[in-house]
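Values in this document were obtained by computation on a predicted structure and should not be read as measured data. Note that ligands are numbered from 1 as they come in the structure, with each ligand's atoms numbered from 1 the same way. If you read the sequence from its start, that first residue is 1, and numbering goes on from there. For the numbers below, each heavy atom of this structure counts, side chains included, while hydrogens, waters and symmetry mates do not.
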Amino acid sequence: MSEISIIYKISIIAFTLYFRASGSGCPVLECWFVQEKPGHGGGFSVPMSQEKSLMFIRTEAYSEEIMSDLHPPADISPSRVYYVTDPAGTFCSAALNPPKGSVNKPKCEINPFMPHGMVRWTSALTDSAQSPVYLQADWFSVAAQGLDEQLTLSNIMRAPSASKEPKVILSVSSKTALVRSRLGEPVLLDCGFWVDPSSPVHGSGFSVEWRYQFRGEGRLVLAYDGKNDRFAETSETGADIDITGLYETGNASLILEESQVRHSGTYICTVYLPHLLAQVAVDLEIVEPPSLSIYPSPLPLLVPGQLLLIQCEASGFAPHTLDLGWEFTGADGKSRSLGQGGVTGHRQASDGTFSQSSRLELDSGKMRLGRGGDITCVAKHAGGTRRATATLSVIGVSAPSIEDSMAMVAVALLLYGMIKFLYWTFSSSDSSDTELKNKKEK
Ligand SMILES: *[C@@H]1O[C@H](CO)[C@@H](O)[C@H](O)[C@H]1NC(C)=O
C-alpha cells in the first residue's frame with residue numbers, strides 16, 4: 001500500500017518536473033506584427049503598419065486555465081497576443097530565449113500569410129488532394145533570428161479564423177546564419193524543416209530549393225522535387241544535399257564540395273509544401289588570408305646615402321579588404337612602424353582571389369635604420385594577420401662600433417710603433433756616423 005503511494009508520488013513529481021522542463025524552454029516572444037496598411041490598392045511602395053505583438057509558446061495545446069494564467073503586458077493590444085502551439089518546439093531554442101533582462105533580444109516579425117499556388121516547376125505539388133476548408137483560416141508567417149546568429153527561423157502557422165491560437169504547420173530553420181570558410185574547404189550550409197504530421201499538407205509532397213544571391217544577382221543552385229524524386233537541371237556543380245537525411249530528419253543542408261571565392265554570398269533555403277512555403281537565408285563568406293613575399297630577395301646591402309626600393313606582394317586573399325604596412329626591428333629588438341608605403345590597387349586572379357602590393361623606399365639616414373635589422377611587411381586581413389620578414393644590412397655606417405674603435409686603436413698603436421722604430425733607426429745611424437767622424441778626427 002505504502003509502496004504504491006510512493007510510486008504514485010514519484011510519478012507525480014516526475015510528471016511536474018517534465019512539464020516544467022518542457023514548458024521552460026519555450027520563450028514568450030515579442031514580435032513586430034507587420035502588414036500592409038489596409039485600403040491600399042497595391043502599387044510599388046505599399047505602406048506598411050507595424051504593431052507590437054506577443055507570442056506565448058507551448059509545445060502542447062492551451063487550456064482555458066493555462067490561458068487565464070498568462071498576463072500579457074498592457075502596452076500590447078490584446079488582438080496582437082497569440083497563444084502558439086509548437087508541437088516540435090521549433091521556437092523553443094535557447095537562442096530565442098535569452099536570460100531575463102538581457103539587453104540583446106531576438107529579432108522577430110509576424111506577417112499575415114496567404115496560402116498560394118506554387119512556383120511553376122513545383123506546380124505538380126498542388127494537384128494532389130486539396131483541402132480548401134483547411135486553407136480557410138488565419139495564416140501567419142513568423143521570421144525570427146536568435147542571438148549570435150545561432151538560429152534563423154521561418155515558421156508558417158495556422159489559426160482557426162479569429163482564434164488567436166495558431167499552430168505551427170511548417171518550420172524551416174538554419175543553425176548557421178553566417179558561415180565563414182577558408183578557400184578550398186568543404187562547406188555545410190545548414191537548413192532543416194519540419195511539417196506538422198497531423199496537417200493535411202503533410203505527406204502530399206515537398207520540394208526544396210537553394211538559391212544563391214549576391215548584389216542583386218541570383219541563380220538556382222539546387223532544386224529537389226520530392227514528389228517526383230528528381231533534381232532540377234542547374235549549371236551548378238559540386239553542390240549537393242543528402243536525400244536520405246532529407247526524408248528521415250528534414251535535413252535539407254547544402255553541401256558545397258570545395259569553397260571558392262565566387263561562392264561568397266547569400267543562400268536561400270526554401271521548402272515548398274502544397275500552398276505553403278517558408279525560407280531562411282544563410283550567408284557564406286569565403287575568407288582567405290594573404291600570402292606575402294618581399295622583393296628583392298634577399299635584400300641587397302644598403303649603402304648610406306643610397307635609396308633602396310623594396311616591395312611586399314600580398315596575394316591569394318579574399319575578401320579584398322586588406323591593410324598593408326611596414327615595420328622595422330633594429331639591433332635593440334624594438335619594433336617601430338615605417339608606415340604604409342605606396343599601396344597599389346587590387347588585381348583579381350582567375351580564381352577570384354585578390355593581390356595587392358606596397359612599395360617602400362628605404363633611406364637609412366632618414367629612417368634611422370642604424371646598421372640594419374629586420375624589415376617586416378604586415379598584412380591585416382579578416383582571415384588573420386600575416387607577416388613576412390627580410391634582413392637588411394647597412395654598410396659603412398659613420399657611427400663606429402666597438403670592434404671598429406678597437407681596430408682603430410690597434411692601427412694607431414701600430415703606426416705609432418712604426419714611426420717610433422723608424423725614428424730610432426734613423427737617429428741611431430746618424431749618431432753612429434757622427435761617432436765615426438769623431439773617432440777619425442781624434
Ligand atoms: C545534415 O546533413 C549533413 C550532411 O549529411 C550533416 O553533416 C549534418 O550534420 C546534418 N545535420 C543534422 C542536424 O543532422
Side-chain angles (χ1 to χ4, degrees), residues 21-22 25-27 57 59 86-97 106 122 142-156 168-197 202-203 205-213 219-227 229-232 234 236-260 262-273 276-287:
S22 67
C26 296
I57 294 157
T59 52
D86 180 14
T90 59
F91 280 119
C92 310
S93 146
L96 291 177
N97 204 0
T122 56
V142 182
Q145 249 176 317
L147 302 176
D148 308 325
E149 276 136 6
Q150 284 175 54
L151 179 74
T152 160
L153 180 78
S154 174
N155 281 0
I156 302 295
V168 176
I169 304 297
L170 168 63
S171 173
V172 178
S173 64
S174 174
K175 293 187 203 88
T176 57
L178 176 61
V179 177
R180 281 199 181 89
S181 169
R182 291 283 298 265
L183 203 61
E185 288 180 354
V187 175
L188 182 79
L189 304 180
D190 182 70
C191 179
F193 74 100
W194 175 86
V195 184
D196 175 16
H202 183 269
F206 65 88
S207 291
V208 174
E209 183 188 277
W210 278 97
R211 285 190 73 80
Y212 167 86
Q213 220 126 28
R219 65 170 188 268
L220 187 64
V221 174
L222 183 145
Y224 175 74
D225 171 357
K227 192 171 186 206
D229 185 25
R230 67 176 174 88
F231 282 95
T234 66
E236 195 78 29
T237 55
D240 205 1
I241 54 174
D242 171 15
I243 294 296
T244 318
L246 186 66
Y247 279 94
E248 283 176 359
T249 59
N251 181 348
S253 302
L254 183 71
I255 305 151
L256 298 176
E257 270 169 26
E258 194 188 327
S259 60
Q260 292 167 25
R262 66 179 184 88
H263 288 139
S264 283
T266 301
Y267 290 77
I268 296 159
C269 170
T270 310
V271 175
Y272 297 92
L273 298 179
L276 307 180
L277 74 87
Q279 55 185 204
V280 291
V282 178
D283 280 324
L284 174 62
E285 273 179 31
I286 305 299
V287 180

Practice problem: Can you tell me which residues line ligand 1 if we count any heavy atom under 4.0 angstrom from one of its atoms, in chain and number order? | Solution: Lys175, Leu188, Asp242, Asn251, Ser253, Ile255

Quiz item: If you round to the nearest 0.5 Å, how far is CD1 of Ile156 from CG of Leu277?
Solution: 6.5 Å

Quiz item: Got a sec, which residues hit salt bridge (charged side-chain N to carboxylate O under 4.0 Å, His left out) with Glu236, two or more places apart in sequence or on another chain?
Solution: Arg219, Arg262

Quiz prompt | Atom pair OG1 (Thr152) and CG (Leu178), whose distance is rounded to the nearest 0.5 Å | solution = 11.5 Å

Practice problem: Measure up the Phe193 and Phe206 rings against each other and bin them: parallel (under 30°), tilted (30 to 60°), perpendicular (over 60°). | Solution: tilted

Self-check item: Gap separating the CG atom of Leu222 from the CZ atom of Arg211, nearest 0.5 angstrom
Solution: 12.0 Å

Quiz item: Stepwise, does the side-chain hydrogen bond (donor to acceptor under 3.5 Å, both in side chains) test hold for Asp283 with Thr266?
Solution: CA-CA 4 Å; Asp283 280 324; Thr266 301; 2.6 Å; yes

